[in-house]
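Structure, as structure tokens:
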Amino acid sequence: MGSVLYKDRLIEVTDQHILFHHYYFPFAGDKQIPMSQIEGIWAQCPTIRCGKWRIWGSGDFRTWWPLDWRRPSRDCIFLAHLRYSHRRIGFTAEDSPKVIDIWRQLGLLRMSPT
């Protein structure tokens, strides 16, 4: 199960996995990814190019976005790159500074230039 490091309406982070709420379209089921499958998590400033207006789904067939109606107003966009896959998961959190600190502590944080 793992100890919970962070939890909000969008994600739950434990020392063993990330649970993405409202992941699957159209029924909004959750998806759990083990930490061992995550190569790194990039933190980016929200822009149109990096998914600021991507509310749910995929626009480029490479990145999947769990549902977040408030993504356009969030201060940070995260991209989880998965090991042995060209796919990634784009997501947001309600308290991005706290989540950035967790990614840093777990050695997963990668910062993207502007």
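Here the structure is a predicted model, which means the values were calculated and not measured. For this chain, numbers begin at 1 and follow the sequence in order.
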Practice prompt. Please lay out, stage by stage, how Val13 and Met35 fare under the test side-chain contact (heavy atoms from CB on, under 4.5 Å).
Written response: CA-CA 9 Å; Val13 180; Met35 288 293 184; 3.7 Å; yes

Worksheet, complete the sentence: From the list Phe20, Phe78, Tyr23, side chain to side chain contact (heavy atoms under 4.5 Å, CB included) partner of Ile11 resolves to Phe20

Item to complete: Could you pull out the closest heavy-atom pair between Ile38 and Ile33, with the gap in Å?
Response: CG1-CG2, 3.9 Å

Worksheet entry | Residue pair His21 / Leu19: nearest heavy atoms and the distance that separates them | CE1-CD2, 3.6 Å

Worksheet, complete the sentence: Correct closest heavy-atom pair for Thr92 and Cys76 would be CG2-O, 3.5 Å

Worksheet entry | Sequence-distant partners of Pro26, side-chain contact (heavy atoms from CB on, under 4.5 Å), two or more places apart | none

Discussion item. Here's a test for you: under ring pair (Phe, Tyr, Trp, His ring centres under 6.0 Å), which of Trp65, Tyr24, Phe25, Phe27 qualifies with Trp56?
Written reply: Phe25

Worksheet entry | Pairs flagged by side chain to side chain donor-acceptor pair (under 3.5 Å) wherever residues 80-89 is involved - sequence neighbours left out | Thr63-Arg88

Worksheet item: Closest approach of Val99 and Ala93, non-hydrogen atoms and distance?
Response: CG2-CB, 3.6 Å

Worksheet item: Under the 3.5 angstrom rule, does the side chain of Arg71 hit a backbone N or O of Ile55 as a donor-acceptor pair?
Response: yes

Worksheet entry | Stepwise side-chain contact (heavy atoms from CB on, under 4.5 Å) check, His17 with Glu12 | CA-CA 8 Å; His17 70 263; Glu12 177 179 309; 4.2 Å; yes

Discussion item. To the nearest 0.5 Å, what is the distance between CD1 on Ile89 and CG on Leu79?
Written reply: 10.5 Å

Worksheet entry | Sequence-distant partners of Glu94, side-chain contact (heavy atoms from CB on, under 4.5 Å), two or more places apart | Tyr6, Asp8, Arg9, Leu10, Arg74

Response to the item:
Closest non-hydrogen contact found for Lys7 with Val4 is CB-CG1, 4.1 Å

Worksheet item: CD1/Ile102 to CG/Leu109 distance, rounded to the nearest 0.5 angstrom?
Response: 11.5 Å

Discussion item. Could you measure the distance from the NZ atom of Lys52 to the SG atom of Cys45? Nearest 0.5 Å is fine.
Written reply: 10.5 Å

Discussion item. Quick check against the 3.5 Å criterion: does Asp30 have a side-chain atom that pairs as donor or acceptor with the backbone of His22?
Written reply: yes

Item to complete: Would you sort out whether Ile41 and Leu106 count as a side-chain contact (heavy atoms from CB on, under 4.5 Å), showing the intermediate values?
Response: CA-CA 10 Å; Ile41 298 177; Leu106 294 174; over 6 Å; no

Item to complete: Write down the atom of Pro97, the atom of Asp75, and the distance for their closest heavy-atom approach.
Response: CD-OD2, 4.3 Å

